[in-house]
Amino acid sequence: MADLTKVRNIGISAHIDSGKTTLSERILFFTGKIHKIIEVRSKGGDGPTMDSMDLEREKGITIQSAATFCEWGDYSINLIDTPGHIDFTVEVERALRVLDGAVLVLCGVAGVQSQSITVDRQMRRYGVPKLAFINKLDRQGASAYRVTSQLREKLSLNAVMVTLPIGVEENFLGVVDLINMKAIYFDGDQGEDMRVAEIPADMVDLAHEKRNELIEACADFDDHIADKFLHEGEVSAEELIPVIRKATIDLKLVPVFCGSAKINKGVQFLLDGVGLFLPSPYDVKNYALDRNDHEHQVELISDEHKPLVALAFKLEDGRYGQLTYMRIYQGKMKKGDFIINTNNSKKFKIPRLVRMHASDMVEIDEAGAGDIVATFGIDCASGDTFTDGNLNYGMTTMYIPSPVIELSVKPKDKVGQEHFSKALNRFQKEDPTFRVARDEESGDTIIKGMGELHLEIYIERIKREYNCEVIVGQPKVAYREAITMKGEYDYTHKKQSGGSGQFARIAGYFEPMDAEAEGTFLFSNKIVGGTIPKEYIPAVEKGFQEQLNEGVLIGQPMVGVKAELNDGSTHAVDSSEMAFKIAAKAAVRESLMKCKPVILEPIMKLETSIPEEFQGVAIGQINQRRGIILNTAMDNGYVVVEAEVPLKEMFGYSTDIRSATQGKGEFTMEFLKYNQVPKSVQDEIIKAYQEKLKEDA
């Protein structure tokens, strides 16, 4: 088995178009995994190794995270290239959940963008140590120093440069290694020959100044270096490296590397940094919950002799059935072993064990703690925990955001129905942010997701992978309903029609939950003296919940409601759980209108980048869409506008912004929060909903 101290499980994450896939491609080239570099937007049918899906190659974006492995010197690297587009954010979540370290890629021109902020937040959520790589330094307007400042200001990271760029824009030639105080050039047709030389004379003073900044940052974490820094003593590379490594792993420092993946400069030195500064599986603490001991938290040990604990973090439908990606945290897996899914106690035999190289597979017989592998023939969901049967542990799963957009879809003809159902079942299993529901009134199938592109990609995949043409309805916003004031209820359900009757009386009040409260519904049982027997209380709670899921204004789920039950009465013969559930549902329908219900809509965080001359038009478009401008910043002839805009108003924005800016405008958008819709808009939505009900009737 590999020496675990030399294993690195890393992810590459960034804002869309920062060059993640290009960087991954160069890493594979320089580590000898591939022998030909293919660009992201290359002509012809080929595409980058890590973008193996046809759609990814056509659109020039990463849709699914891709895993691979490679060697660099003594180090074995498991690498996951993740999507940058916010619609596929769950791919980043699930990768970061199982990785030990990450590389945050930033564009040398655009710097810290909205998705960089999101990715940083995801890395913090899972406590993932990171390096920063400032890419595209050969482009006009690039500045590694400006981007490093943004890392400190916008992301509050303790970012310190460990390399400096030699030259800028088209004169970008190489980097200065501040740890060893040498210049590094990348010679050869594809930058494969690293040449070490003396630092150019005009950069010596700057290099000393920046090295002092690096030493000063390290002095905060090591008394020996602090002493040398105060007395202006010489600090060697051997003294600096372990301190930078420890501070990085402790999430107190982010080493910053410079380069340009596209022109093959700086990538090998970044790989050195991955080995030197990012953690091995030994350096990271991972925990599971012991289901046999009241879910007590236990630390997992990266030791192949311990009982097995592994987490299934990603599913894919491959040529040979379901492919399940797993991270092994403890113990080992062998081909032919039996493993148990602790979520449902199902037992499986491992028929095949593979290491993934994008869409290609390398067969292996066994894998141990710290490894990322894939296996076939195992029926599970994303986030399930597997053991060898000696432990009953469960690992915490990843954060899953709620969908904000929905579409009605149906197959064009009856023949495609089976393929259509298969596709939806598979996609739901693979992607926890992709949900499928049925509209009871119209009988339509509703798919829900994180954005227009997210659903567009799945519709395209149904057509291509399942040969099933579909009819798509208009995109719809996932509204919510809420109440704004307290309202009392006192409802009696009475039915007498031969045989046993039904009787239930309940009383109490509904009120809005505190903004800080967790969850969307809170039930409070304040019955005293047994006026309602205990066995009927759960039926009341269930009745409230079911009815709140249908709302009272437009049939959308009601959120942020606290329901208190404080009085009621029963009948010795006619009361039942069903009677109390019916009473609860009726109490919601009858009483919630007193609580002044309102409609909530998803508000998106929008970042639009346009050339200066189109600033007025772009801001006008956002204002027309009920947007609130939060900030505008000038950056190299471009204006970046940050705004909050209702999702309802954003359909078709992509076409509008491009046509208004001669195709030069770009934007990213992600879900931010739910807000109350203005009264006039609420009236329109209710009217449209009621008209639809009439049509369906």
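- Taking 4.5 Å as the limit, every side-chain heavy atom of Phe510 sits out of range of all side-chain heavy atoms of Glu564.
- Between Pro307 and Val309, the closest side-chain pair of non-hydrogen atoms is not below 4.5 Å.
- Between Glu644 and Arg626, none of the side-chain N atoms (NZ, or NE/NH1/NH2) sits under 4.0 Å from a carboxylate O, so this pair counts as no salt bridge.
- Using a distance-only test at 3.5 Å, with no hydrogens or angles considered, a donor-acceptor pair links the side chain of Lys594 to the main chain of Glu488.
- Ring orientation note: the planes of Phe434 and His454 are nearly perpendicular, at an angle over 60° on the 30°/60° scale.
- Ring pair Phe420/Tyr466: centre-to-centre distance not below 6.0 Å.
- The cationic group of Arg124 does not satisfy the cation-pi geometry with Tyr126, failing either the under 6.0 Å distance to the six-membered ring centre or the 45° limit from the ring axis.
- Defined by atom type and a distance below 3.5 Å, a donor-acceptor pair is present between the side-chain atoms of Gln547 and Arg589.
- Residues Asp656 and Arg625 are in side-chain contact: their nearest non-hydrogen atoms beyond the backbone lie under 4.5 Å apart.
- A cation-pi contact, defined as under 6.0 Å to the ring centre and within 45° of the axis, is absent between Lys494 and Phe503.
- For Lys605, the NZ atom counts as densely surrounded, since its 6.0 Å shell holds more than 12 non-hydrogen atoms of other residues, nucleotides or ligands.
- The environment of Glu418 atom CD is sparse: at most 12 non-hydrogen atoms of other residues, nucleotides or ligands sit within 6.0 angstrom.
- When the options Ile301, Thr385, Leu311 are evaluated for a side chain to side chain contact (heavy atoms under 4.5 Å, CB included) with Tyr329, the one that passes is Leu311.
- Between Ile462 and Cys468 the shortest side-chain heavy-atom distance falls below 4.5 Å.
- Between Phe544 and Tyr489, the gap from one ring centroid to the other is short of 6.0 Å.
- A donor-acceptor pair shorter than 3.5 Å cannot be found between the side chains of Thr375 and Arg352.
- Side-chain atoms of Glu590 never come within 3.5 Å of backbone atoms of Tyr491 as a donor-acceptor pair (strictly under, hydrogens ignored).
- Gln330 places no side-chain N or O within donor-acceptor distance of the main-chain N or O of Leu308, the cut-off being under 3.5 Å.
- Side chain of Glu601 to backbone of Val477: no donor-acceptor contact under 3.5 angstrom is found.
- The backbone N or O of Leu424 lies less than 3.5 Å from no partner atom in the side chain of Tyr458, so there is not a single donor-acceptor pair.
- Lys526 and Ser524 share a donor-acceptor pair across their side chains, judged by distance under 3.5 Å alone.
- A distance-only check finds a donor-acceptor pair linking the side chain of Arg291 to the backbone of Thr342 [under 3.5 Å].
- Side-chain atoms of Tyr393 and Asn292 form no donor-acceptor pair, as typed in the model, at a separation below 3.5 Å.
- More than 12 heavy atoms of other residues, nucleotides or ligands lie within 6.0 Å of NZ in Lys463, so this atom counts as buried by the packing criterion.
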